[in-house]
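Structure record follows, encoded as structure tokens.
Side-chain atoms are counted along with the backbone in the values below, which use heavy atoms only and exclude waters and symmetry mates.
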Amino acid sequence: MPRLLLFLVALIALLVPSSAAPAATPQVRSTAPTFNGGVYAIAHRGATVYVGGSFTAATVAGRTYPRERLAAFDSRTGRLLDWAPRADGVVRALAATADSVYVAGGFHRIDGEARDSLARVHPTSGDLKSFRHTLAGTAYALAAGNGRLYLGGSFTDVSGQKRSNLAAFSLTTGVLDPRWRPAADDTVHALAVTGPRVYLGGGFHTVNAVKGTLRLAGVNGVSGIVEPRFRPRVPAEVRAISLDPLGVHVATAGRGGRAIAYGWTGALRWQRVFDGDASAIVTTGGITYVGGHFDSACVTERNGLKGGCVDGARARFKLAAVTSKGQLTGWAPTANGVIGVRVLAVNHVAGTIEAGGDFTMINGQDRRRFAAF
């Protein structure tokens, strides 16, 4: 190949960014609202972003508005919407469908009406809709699919019916599904749906007393039967799940934290170790984004008794990105705080990655509890 052509090829490689590696210093969008308390959950319906958490106010363009643990805004402009149902306790999970926004958490009332940990709200008016159940325990996760709303948490009873940390409701009638009743023997923190399968993550030891379902399992979305071919080996409690065409990704707590990718049979594809809990994970465009309490990504898979990296580390303050081969990318926004990032979401309309949590600064900018990149 002529030298001039070689030079041009090399120059193009330097100037054109790789589609497999996001920018190392991502721009933080300044138009999104900020919040005076933690953001625990994010959901989307078109260009609308719904957020839930422990906040009581949202700020946009220097002006503060009351928003009691629920809020919505236009992701294209950052404009805060009038959607403002009032929850009297923390909101931990959201799921949006074409005609509803489902809410779960530690509340007892929405807009002054009794709702025990679960509610259904109109997606544009914010009016409370008919969907009322009682829950003996705590709700942590929601997901919609297969004509059902799936619920995970730490509970023993739903509306007088025995349920072991998992339940499902009809999206049409709101009725508790009598058939879908897999039983997890401990807390379910995360749910993800793809086709007829529902993936569960948490601190449980077994699902339906089936061996090989420690902390992560797949079940049929209609029958609740455990997926027989999916048998991962997860080293610590699962806090979040994301899916892509290649398999299942999880964020784990424990000694330090890990982002782990499994194939559809549960075979390990790759893992990254951090010096603190990984509590949020999403995957898009072949890149897996991770959020949590960590300040460093370990160079190897080894860490010490208190979670610290043994063989060296790279600074990653609460946020990191990993390629489909498990390689750490240069994407490294800097978030502050002890808890850091609680939730991550992909906004396909705005083309952004969204982070919620307890941070107040991103890359030195005022980004209280919510940021979009």
Taking only Lys NZ, Arg NE, NH1 and NH2, and the carboxylate oxygens of Asp or Glu, determine whether [X] and [Y] approach each other closer than 4.0 Å.
| X | Y | answer |
| --- | --- | --- |
| Asp99 | Arg120 | yes |
| Lys162 | Asp157 | no |
| Arg368 | Asp366 | yes |
| Asp88 | Arg109 | no |

Heavy-atom distance under 4.5 Å between the side chains of [X] and [Y], does that happen here?
| X | Y | result |
| --- | --- | --- |
| Thr352 | Glu354 | yes |
| Thr329 | Val322 | no |
| Thr124 | Arg45 | yes |
| Thr213 | Val219 | no |
| Val273 | Thr300 | no |
| Ile225 | Asn208 | no |
| Leu191 | Leu200 | yes |
| His44 | Ile42 | yes |

Thr323 side chain to Lys325 main-chain N or O, any donor-acceptor pair under 3.5 Å? yes
The single option from Arg367, Arg342, Arg369 that satisfies salt bridge (charged side-chain N to carboxylate O under 4.0 Å, His left out) with Asp358 is Arg342
From the options Arg69, Arg86, Lys129, select the one residue that forms a salt bridge (charged side-chain N to carboxylate O under 4.0 Å, His left out) with Asp111. Arg86
Is a side-chain donor-acceptor pair under 3.5 Å present for Asp244 with Thr283? no
Thr59 and Thr64: side chain donor to acceptor below 3.5 Å: yes
Check whether the ring centres of Phe370 and Phe73 lie less than 6.0 Å apart, and answer yes or no. yes
Would you please indicate yes or no on a ring centroid separation below 6.0 angstrom for Phe373 and Tyr289? no
In a check of side chain to side chain contact (heavy atoms under 4.5 Å, CB included) between Leu151 and each of Leu176, Asn165, Leu166, Leu118, which one passes? Leu118
Is His122 atom NE2 crowded by more than 12 heavy atoms from other residues, nucleotides or ligands, each under 6.0 Å away? yes
If I compare all heavy atoms of Gly137 with all of Ser117, which pair ends up nearest, and what's the gap? O-OG, 4.4 Å
Connecting only ILVMFWY residues whose side-chain heavy atoms lie within less than 4.5 Å of each other, what is the rest of Val248's hydrophobic cluster? Tyr199, Leu216, Phe230, Val234, Val238, Ile241, Leu243, Val250, Ile260, Tyr262, Trp264, Leu268
